[in-house]
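Notes for the one structure printed next.
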Amino acid sequence: MTVYPINRRALLGTAASGAALLAMPAVLRAQPAPVKIGLLQPLTGALAQDGELGRLGAEAAVAKINADGGLPALGGAKIELVVADARSNPEAGAQEVEKLQGEGVVAIVGGFASPICLAASQAAARYDLPYVVDVGVADGIVTRGLANTFRLAPGFGTVTSAAVENLIRLNDAAGKPCKTVVLVHEDGLFGSGLARLMAMELPKHGFEVLETIPHPTPARDMNNIALRLRSLRPDLLIPSSYYGEFVLLSRTMRQQRIRPKGVYAVLNGAASNYRFVKEFPDAALGVMDCNHWHDPKNSEAVALKAQVDAAGKFWAYNIPLNYSCVKLVADAVNRAGAADRAKVMAALAASDYSGHIMPYGPTRFVNGQNQGARPVNTQVQDGDIKVIFPAEAADARPVFPIQG
């Protein structure tokens, strides 16, 4: 056997190398695999603008979580966002769930439109894949008994109740100037369902619904609806539409000098979007909306909005909602202690999450619906979107009636 002599310098060098090797792999081994969260949004098609807003919020949440150290219970694992395009229709949304399933995501966030959320959450249920709805307001999303489906935001039943309650308060405080109403709504799942609820509730409180007028999405012309409004001359217009259709309607009304005493939108795609306010300030002035919105008194929400503004993007409710949904999922994964779908689903069901930036109470899911969720009322004032109800979140007083 050959024996190689070992001198002191070589021995010390070997010891130092060994120490370095022991130290370096520890660092490398401490980097766990990223946790994949799927984001499903309509990034192309009629709803592409809303899809991009949703993606902006989700990406901001991932950047924040990762910058703050990732998921502590998983050794600091980072979040990886896997983005899928629902192409503004439910069939494509369901197809994209199959792709996200193949990517190995631990949960899916998003959907935006109610029909997409319905189809996508159903597709995800086949794989026991947790699905967190960002916006979709149709209450059928969470009344089907799907254990995988969770909605952080309020549905249109809750929103309608708040909208009617706040409208009564608003009208009473002004001396009841509004007695007649026309409902204008998109003819899909969300708009039709909401219009039915409003048409049932408003007469109970002294409002006469003169007519309910549906329109398609997308719509290219609102002249017929404007002419009908001119004929009916309602005190109040209550529109429930996506962004493009409400912008078109409001501009047409402006051009034809149709001026009700108030425009009181419910879940409107434009009235709570700074793009509308900045690009069409005259049409937007005074418009109210009962909708999703961030808490203007929350420092994290204010910082996120400043970040979006600095990037030259238009702020809308989709951003803070998707931001909050991704943080909710990350919290569930962290509490589950593993990127395991069953454990994450159980953690979501037992959630008491309170770290979101919406004006909500603590998150508590009952049959998939967050009981702490609530809408707010906003109004466009002086080129800005202000919260006017509820009082604890308000940063302005309502201006009503606005004209007439």
Side-chain angles (χ1 to χ4, degrees), residues 35-65 79-124 129-138 141 148-153 186 188-190 217-218 242-244 267-270 272-275 291-294 304 307-308 311 313-330 356-358:
V35 174
K36 294 182 178 181
I37 296 177
L39 178 72
L40 179 67
Q41 290 291 339
L43 301 173
T44 56
L47 305 176
Q49 175 182 243
D50 289 290
E52 288 295 344
L53 290 166
R55 175 157 68 177
L56 183 60
E59 289 175 344
V62 169
K64 171 71 172 169
I65 293 164
I79 299 291
E80 179 183 327
L81 199 65
V82 183
V83 180
D85 180 10
R87 303 191 293 282
S88 297
N89 70 81
E91 294 78 14
Q95 291 168 6
E96 291 300 293
V97 168
E98 300 294 330
K99 293 181 183 179
L100 292 172
Q101 154 68 13
E103 289 281 348
V105 300
V106 72
I108 297 175
V109 165
F112 177 65
S114 292
I116 295 173
C117 293
L118 276 164
S121 56
Q122 183 76 53
L129 176 55
Y131 191 104
V132 176
V133 175
D134 59 340
V135 178
V137 293
I141 294 169
N148 73 312
T149 303
F150 303 87
R151 182 168 62 194
L152 180 66
E186 66 92 30
L189 189 62
F190 122 71
T217 301
Y242 291 115
Y243 182 88
L267 292 170
N268 190 275
S272 297
N273 187 320
Y274 272 94
R275 179 181 175 185
N291 210 331
H292 315 292
W293 198 245
H294 69 283
L304 177 61
Q307 177 185 325
V308 171
K313 305 291 186 181
F314 291 113
W315 180 266
Y317 63 78
N318 321 57
I319 298 172
L321 262 183
N322 278 272
Y323 183 91
S324 295
C325 286
V326 169
K327 290 190 72 179
L328 171 73
V329 172
H356 47 69
I357 60 174
M358 310 303 288

Task: Worked verdict on Ile37 versus Val82 for side-chain contact (heavy atoms from CB on, under 4.5 Å) - done: CA-CA 6 Å; Ile37 296 177; Val82 183; over 6 Å; no
Open item on the list: Can a donor-acceptor pair be found, under 3.5 Å and without considering hydrogens, that links the side chain of Ser121 to the backbone of Tyr131?
Closed with: no
Task: Reported CD1-to-CG distance for the pair Ile116 and Leu40, which is rounded to 0.5 angstrom - done: 7.0 Å
TODO: State whether the side chain of Asn291 and the backbone N or O of Ser272 hold a donor-acceptor pair below 3.5 Å, judged by distance alone.
DONE: no
Open item on the list: Could you check whether any side-chain N or O of Ser114 sits under 3.5 Å from a backbone N or O of Ala138, counting only pairs where one atom can act as donor and the other as acceptor?
Closed with: yes
Task: Distance, nearest 0.5 Å, that separates CG of Asn148 from CD of Gln122 - done: 8.5 Å
Task: Expected output: side-chain Thr217 to main-chain Glu186 donor-acceptor under 3.5 Å - done: no
TODO: Applying side-chain contact (heavy atoms from CB on, under 4.5 Å), run through Leu39 and Val62 and close with a yes or a no.
DONE: CA-CA 11 Å; Leu39 178 72; Val62 169; over 6 Å; no
Task: Name of the residue among Asp134, Asp50, Asp85 meeting side-chain hydrogen bond (donor to acceptor under 3.5 Å, both in side chains) with Gln41 - done: Asp134
Task: Candidate list Ile319, Leu304, Leu321, test side-chain contact (heavy atoms from CB on, under 4.5 Å), partner Ile357, passing option - done: Leu304
Task: Taking every non-hydrogen atom, the tightest pair across Tyr317 and Trp293 - done: N-CZ3, 3.9 Å
Open item on the list: Whether the side chain of Arg55 engages the backbone of Val83 through a donor-acceptor N/O pair (distance < 3.5 Å, no angle test) should be reported.
Closed with: no
Open item on the list: Restricting to non-hydrogen atoms, name the atom on Pro42 and the atom on Phe112 that form the minimum distance, rounded to 0.1 Å.
Closed with: CD-CB, 4.0 Å
- [ ] May I ask you to decide if Ala84's main-chain N or O and Lys99's side chain share a donor-acceptor pair within less than 3.5 Å?
- [x] no
Task: Ionic contact status for Lys313 with Glu52, cut-off 4.0 Å - done: no
Task: Rounded distance (nearest 0.5 Å) linking atom CG of Leu129 with atom CG of Leu100 - done: 7.5 Å
TODO: Look only at the side chain of Asn318 and the backbone of Ala316, and say whether a donor-acceptor pair between them is shorter than 3.5 Å.
DONE: no
- [ ] State the CD-CG distance between Gln49 and Leu43, to the nearest 0.5 angstrom.
- [x] 12.5 Å
TODO: Determine the minimum heavy-atom distance between Ala48 and Ser88, stating which atoms define it.
DONE: N-OG, 4.1 Å
Task: Pro115 to Pro90 - nearest heavy-atom pair and separation - done: O-CB, 3.4 Å
TODO: Would you name the heavy atoms of Leu152 and Ser324 that are closest together and state the gap between them?
DONE: CD2-CB, 3.6 Å
Open item on the list: Ignoring hydrogens, what is the shortest heavy-atom contact between Cys325 and Val132? Give both atom names and the distance.
Closed with: SG-CG1, 3.8 Å
